[in-house]
Amino acid sequence: MVCLLQPCINFVVCPIISLIQDQEVNAREFGIDRVGRIESQMNTSEKSEVLDKFGQGRYFFIWIAPERFQMMDFRNQLSKIASNRHFGYAVIDEVHCLSEWGHDFRVSYLKLHGTIKKFCPEAQTLALTATASRNVLEDLLCELEITKANVQTSTSLDRPELSYHIIKTSEADRAENLQKILDHLNDHFCTSEGISSIFEPNGNNSICGIIFCNTTASPYTPLSSCDGVLGLLRSKNIASDSYHSKKGDERALIQERFLKNEYTVMTATKAFGMGVNKKNVRYTIHNGLPWSIEAFYQEAGRAGRDPSRNSSECFILYSNESDPTDVRTLFEEKTSVSKIREAQESLQGDLSTLFFGPSRFLVGSTGCQLWEV
């Protein structure tokens, strides 16, 4: 709203495509149509058209991925626009990603603040997040060169409309326990809502859910992956699809169909875990340990977003490692790289989906496969 009240143009830096697309749709539904986006699923002419209109002042603001600020052509275009137009705000949405990912696999985040200041010097930085831990906040203060006096925080992060459940499983029993959760959810909502099944699309009255997985596909633990769970759902004739980076250009259509309630269940990596605002998502299932408390809060928070019908259920279905010694070895500071590699080969539970990559060595699954922008 603050961008709409300024006699200037603005931009929003956004970390994932699903969020960019969702926010543009929501803005247009609210009657705000002087907005645009630039993301990788658009062709070159579409991106150029949006940037041209932005430079002409025909958009109040546009959404952009952080990596684009590292492209010299885009930087030059920003400088050209800045010489003719006044930039009001540079909004960095989900700014906790700057700290959590910028030091690892999205280094463009660490250069973002300096790039904005260099090429859009008049823009005021507005950084937004709902899930910054104390350590992340301290890092953000340093990276964005701001003081605590300029930080506004919510008085409470409680989500009383969400009920949380944690269920332990073995890998062999994962499919059975996942089915038990789905059966429980069906019984629960059918009783409270007076419907016959939550898995049948019913327009805006559909009861939808998201099942989060750490990997798109896994040869080690297939039923902990998006594609593995999707196969299970479809074998039960449940209207469903999956969202992750390997879907490529299909993602926009998959997201649109989910928002239109053409199917009721989405299996997804954390590429779908932030910001997506679908009011009839009434449950989430983390099929495996979440990456962090902050990630769980973000992803579980996709549920319970309708004030009139917001009682929602959030599950974690997790599998422990059989040998606690291996777990300690992975995380002890004194453990050598060779020992870590050796310990990883014996992982059987959820940690096997959190630590993998070339030689299954310390490469987070989200870092390898999700973040195409």
key: Output field: ring centroids F189/F199 closer than 6.0 Å   = no
Over all atoms of both residues, closest heavy-atom pair of Q41 and R251 = NE2-NE, 3.2 Å
K278 to L259 - nearest heavy-atom pair and separation = NZ-O, 3.6 Å
ask   = What is the minimum heavy-atom distance between S225 and T216, and which atoms define it?
value = CB-O, 3.6 Å
ask   = Does D241 pair with R234 as a salt bridge, N-O distance under 4.0 Å?
value = yes
query = What are the two closest non-hydrogen atoms of I198 and N186, and how far apart are they?
reply = N-OD1, 2.9 Å
task = Indicate yes or no: does R37 engage E46 in a salt bridge with an N to O separation below 4.0 Å.
result = no
key: Presence of salt bridge, E193 and R282, under 4.0 angstrom   = yes
query = Do the side chain of S235 and the main chain of L232 share a donor and acceptor less than 3.5 angstrom apart?
reply = yes
ask   = Is the gap between the ring centers of F258 and Y263 under 6.0 Å?
value = yes
query = So which heavy atom on V151 is nearest to which on T147, and how close?
reply = CG2-O, 3.8 Å
Geometric cation-pi criterion R34 and F60, 6.0 Å radius, 45° cone = yes
task = Please report the C-alpha distance between C314 and H165 in whole Å, then the side-chain angles of each, then the deciding distance to 0.1 Å, and finally whether the side chain to side chain contact (heavy atoms under 4.5 Å, CB included) criterion is met.
result = CA-CA 6 Å; C314 304; H165 313 270; 5.9 Å; no
ask   = Atom OG of S206 and atom CG of N280: how far apart are they, to the nearest 0.5 Å?
value = 6.0 Å
key: Single-linkage hydrophobic cluster, 4.5 Å side-chain cutoff, V25 and I32 together   = no
ask   = Are L230 and Y283 linked, directly or through other ILVMFWY residues, by side chains that come within less than 4.5 angstrom of each other?
value = no
query = Does the ring centre of F315 sit less than 6.0 Å away from the ring centre of H286?
reply = no
CG-CD distance between L223 and E171, expressed to the nearest 0.5 angstrom = 7.5 Å
ask   = In terms of ring plane angle, is the pair W63 and F61 parallel, tilted or perpendicular, where the classes change at 30° and 60°?
value = perpendicular
ask   = Is it the case that K270 places NZ or CZ above or below the six-membered ring of F212, under 6.0 angstrom from the centre and within 45 degrees of the axis?
value = no
request  = Report the relative orientation of the aromatic rings in F87 and F54; use parallel for angles under 30°, tilted for 30 to 60°, perpendicular for over 60°.
outcome  = tilted
request  = Spell out, yes or no, whether L128 and I20 are grouped together once hydrophobic residues are joined by side-chain heavy atoms under 4.5 Å, including indirect joins.
outcome  = yes
inquiry  = Using 30° and 60° as the class boundaries, would you call the ring planes of F11 and F69 parallel, tilted or perpendicular?
reply    = tilted
